[in-house]
Amino acid sequence: MLDLKFIRENPSLVKEGIKNKGEMGDVDAILDLDEKRRQIIQKVEALKHERNDLSQQVSILKKEGKSADTVIQRTRDISQSIKDQDEELKNLEISLKNELDRLPNLPHSSVPVGKDATGNVVIRAWGKIPEFDFEISNHLEIGERLDILDFPRGSKISGRGFPVYKGQGAKLERALINLMLDTQSNEHGYKEIFPPFLVNRDSMYGTGQLPKLQEDMYFCELDDLFLIPTAEVPITNLHRDEILAIEKLPLKYCGYTACFRREAGSWGKETRGFLRVHQFNKVELVKIVFPETSYQELETLLKDASRILELLGIPYRVVELCTGDLSFGAAKCYDIEVWSPAEKRWLEASSCSNFEDFQARRMNLRFRRSTTSKPEFPHTLNGSGVATSRLMVALLENYQTDEGSVMVPDVLRRYTGFNLIKRED
RNA sequence: GGAGAGGUGCCGGAGUGGUUGAACGGGCACGCCUGGAGAGCGUGUGUUCUCUUAACGGGGAACCGAGGGUUCGAAUCCCUCCCUCUCCGCCA
């Protein structure tokens with residue numbers, strides 16, 4: 001959520017930011033509602049002031065044993081008027097909040113202006129794109145051949161987009177998660193969190209998935225709970241409605257969760273294998289930091305996430321998203337993309353974003369610089385560190401051998417307990 | 001799911017209709033005292049909205065789990081919901 005005062009004072013900046021993001025949002029309607037709201041607040045508060053005074057008089061008159069009937073009658077009239085105007089005020093505030101909820105965060109001034117993914121800028125690349133002197137297979141063929149992935153049976157038991165990992169595949173998945181968690185917590189200083197996978201409305205609103213992205217999420221109607229699309233939601237919301245002491249900042253959390261996405265609106269696109277699934281695993285990094293350092297923190301977050309790919313020896317590149325490709329709540333975002341030899345293209349494995357105070361404001365997350373200073377909104381950041389589905393694609397494809405097996409990267413061997421994935425039966 | 005208890009400020013804990021934003025205690029901050037520290041004493045200590053001011057500041061409104069209601073007036077009475085704790089039942 002944007003600061004209403006900021007919108008009031010910088011309407012043209014806000015309009016420009018929304019436009020560059022390709023989002024909707026009626027700034028003029030907001031300004032109009034805000035104006036009306038403040039007018040009615042003034043009227044209502046004057047009336048309440050008068051009522052408070054008169055009630056006081058009633059109290060005094062009664063104590064003195066005098067009749068208070070005329071004062072009571074006047075107060076009764078005022079109270080009715082207050083009731084009517086409070087109702088009007090409430091409606092105005094609901095409308096105003098509805099509009100505000102739909103306003104996206106504004107892009108940071110450093111973000112390149114662009115319409116869509118074609119406007120993104122490649123920042124750097126790491127690793128050598130492998131060349132093979134044999135006919136390579138894609139991750140689906142490898143998974144089937146080695147009997148480590150089973151998409152057809154996933155479809156049978158759940159539906160399309162719910163992968164099943166088997167044998168060495170399951171162990172490999174578990175190894176990846178452990179490697180990532182250990183690296184982020186032991187080496188990069190993120191505190192490990194194992195959060196719930198179902199969250200309530202307030203949490204979904206806090207990180208900005210609601211109201212706009214409701215269609216993208218699995219929803220348990222009976223309990224009014226949502227399956228998390230990312231660990232960002234439960235972890236960032238850990239401190240919702242809190243005022244953090246200064247010593248707590250910066251906060252760094254990492255956590256593994258399964259992630260659930262309906263992927264509504266992307267039917268027919270990338271339906272094969274791991275490229276687009278409804279359930280996947282991810283280790284997420286979350287930071288809650290001082291506003292003045294959040295952009296440095298974004299750079300280190302990006303480094304911490306990409307470190308995983310370096311450990312695994314998987315070629316990747318970093319892309320800075322342009323304004324038009326930024327998500328609803330992000331002010332700046334880097335994608336990390338891994339190389340798929342079979343697809344011959346880059347696949348998004350991580351997004352590292354700075355939300356500035358957009359989420360903090362929504363979830364009323366604040367901090368205090370000293371015991372006597374006013375609460376301020378910290379900045380929140382998060383990044384996948386990283387998602388295993390696309391990582392699995394890159395790993396299987398990059399490490400395949402001419403014998404049809406897959407080498408396990410060195411760092412993973414102590415987690416998997418084997419060096420090579422080959423057909424077991 | 002059944003029965004009971006409870007949700008008040010940073011914390012503990014009063015308060016059952018009228019200057020109660022809230023006694024009292026603790027904590028914390030500032031000041032005095034001290035060679036220094038402690039003890040002691042004194043002062044202060046919420047948030048949000050709004051008006052006003054160049055600013056410091058000042059005026060006002062709201063907030064005692066949430067939302068409604070009764071009343072001239074609600075932390076206090078009534079209703080609904082949420083949460084926590086204890087016991088019982090069920091269950092991985």
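We name chains A, B, ... by the order of the sequence lines, and we start the count at 1 in each one. Keep in mind the model is a prediction, meaning the values are calculated, not measured. Just the heavy atoms: all of them, side chains too, but no hydrogens, waters or symmetry mates, feed the values below.
Listed pair A:Lys374 / B:U48 meets the phosphate criterion, a side-chain N or O lying under 4.0 Å from OP1 or OP2. OP1 or OP2 of B:A61 has not a single side-chain nitrogen or oxygen of A:Arg38 nearer than 4.0 Å. Taking 4.0 angstrom as the limit, A:Arg368 places none of its side-chain polar atoms (N or O) nearer than this to OP1 or OP2 of B:G46. OP1 and OP2 of B:G60 both lie 4.0 Å or more from every side-chain N or O belonging to A:His49.
Taking atom P on both nucleotides, B:G21 is separated from B:A5 by 30 Å, rounded to a whole Å. Distance noted for atom P between B:C10 and B:U48: 12 Å (whole Å). When the C1' atom is compared between B:G12 and B:G7, the two are found 15 Å apart, to the nearest whole Å. Taking atom C1' in both B:G6 and B:A61, the straight-line distance is 31 Å, to the nearest Å. B:U76 and B:G57: their P atoms are spaced 34 Å apart (whole Å). Taking atom P in both B:A22 and B:G44, the straight-line distance is 12 Å, to the nearest Å. Rounded to the nearest Å, the gap between the P atom of B:A75 and that of B:C63 is 6 Å. Straight-line distance between the P atoms of B:U50 and B:C87: roughly 48 Å, to the nearest whole Å.
Along RNA chain B, the nucleotide nearest A:Ala46 and the nucleotide nearest A:Thr75 are compared for position; the residue whose nucleotide lies closer to the 5' end is A:Ala46. Residue-to-nucleotide proximity on RNA chain B shows that, of A:Glu50 and A:Lys5, the 5′-proximal contact is made by A:Lys5.
The closest side-chain heavy-atom distance from A:Arg366 to A:Leu244 is not below 4.5 Å.
Test A:Thr300, A:Asn382, A:Asn354 against A:Lys287 for side chain to side chain contact (heavy atoms under 4.5 Å, CB included) and you get one pass: A:Thr300.
A ring-centre distance under 6.0 Å is not found for A:Phe194 and A:Tyr253. A:His379 and A:Phe367 have their aromatic ring centers separated by at least 6.0 angstrom. Between A:Phe260 and A:His278, the gap from one ring centroid to the other reaches at least 6.0 Å.
The aromatic rings of A:Phe162 and A:Tyr218 sit tilted relative to each other, their planes meeting at an angle between 30° and 60°.
When the P atom of B:A66 is taken as reference, atom CG of A:Asp224 falls 20 Å away, rounded to whole Å. In this structure, the CZ atom of A:Phe377 is 13 Å from the P atom of B:U47, given to the nearest Å. In this structure, A:Ile40 atom CD1 and B:A62 atom P are separated by 16 Å, rounded to whole Å. Atom CD in A:Gln80 sits about 9 Å away from atom P in B:U70, given to the nearest Å. Residue A:Asn364 contributes atom CG, which lies 13 Å from atom P of B:A66 at whole-angstrom precision. Distance, A:Glu242 CD to B:G9 P: 15 Å, rounded to whole Å. In this structure, A:Asp241 atom CG and B:A66 atom C1' are separated by 12 Å, rounded to whole Å. With rounding to whole Å, A:Asn52 atom CG is found 13 Å from B:U20 atom C1'.
In RNA chain B, consecutive stretches of 3 or more Watson-Crick or G-U wobble pairs with both distances under 3.5 Å are given as paired ranges: B:1-7 with B:82-88, B:10-12 with B:24-26, B:27-32 with B:40-45, B:46-52 with B:57-63, B:65-69 with B:77-81.
Between the side chains of A:Gln168 and A:Thr416, no donor N or O sits under 3.5 Å from an acceptor N or O. Checking A:Asp53 against A:Gln57 by side-chain atom types alone, no donor-acceptor pair falls below 3.5 Å. In the model, A:Ser137 has a side-chain atom that pairs as donor or acceptor with a side-chain atom of A:Arg145 under 3.5 Å. A donor atom on one side chain and an acceptor atom on the other are found under 3.5 Å apart for A:Lys332 and A:Ser110. In summary, the side chains of A:Glu232 and A:Gln359 do present a donor paired with an acceptor at a separation below 3.5 Å, with no hydrogens or angles considered. The closest side-chain donor-acceptor pair between A:Asp84 and A:Gln80 falls under 3.5 angstrom. Residues A:Asn98 and A:Ser95 have side chains that never bring a donor and an acceptor to within less than 3.5 angstrom of each other.
Within a heavy-atom distance below 4.0 Å of RNA chain B, the residues of residues 53-60 of chain A found are A:Ser55, A:Gln56, A:Val58, A:Ser59. Remark: A:Lys83, A:Lys90 in residues 83-98 of chain A come within less than 4.0 Å of RNA chain B through at least one heavy atom.
Within 4.0 Å of A:Arg51, counting heavy atoms only, lie sugar-phosphate atoms of the nucleic acid but no base atom. A:Arg201 comes within 4.0 angstrom of nothing in the nucleic acid, heavy atoms only. Residue contacts shown for A:Lys62 include a base, since a base heavy atom lies under 4.0 Å away.
Of the candidate nucleotides B:G73, B:U50, B:A62, B:G73 has the atom lying nearest to any side-chain atom of A:Ser79.
Judged by the 6.0 Å distance and 45° axis criteria, A:Arg362 is positioned over the aromatic ring of A:Tyr205.
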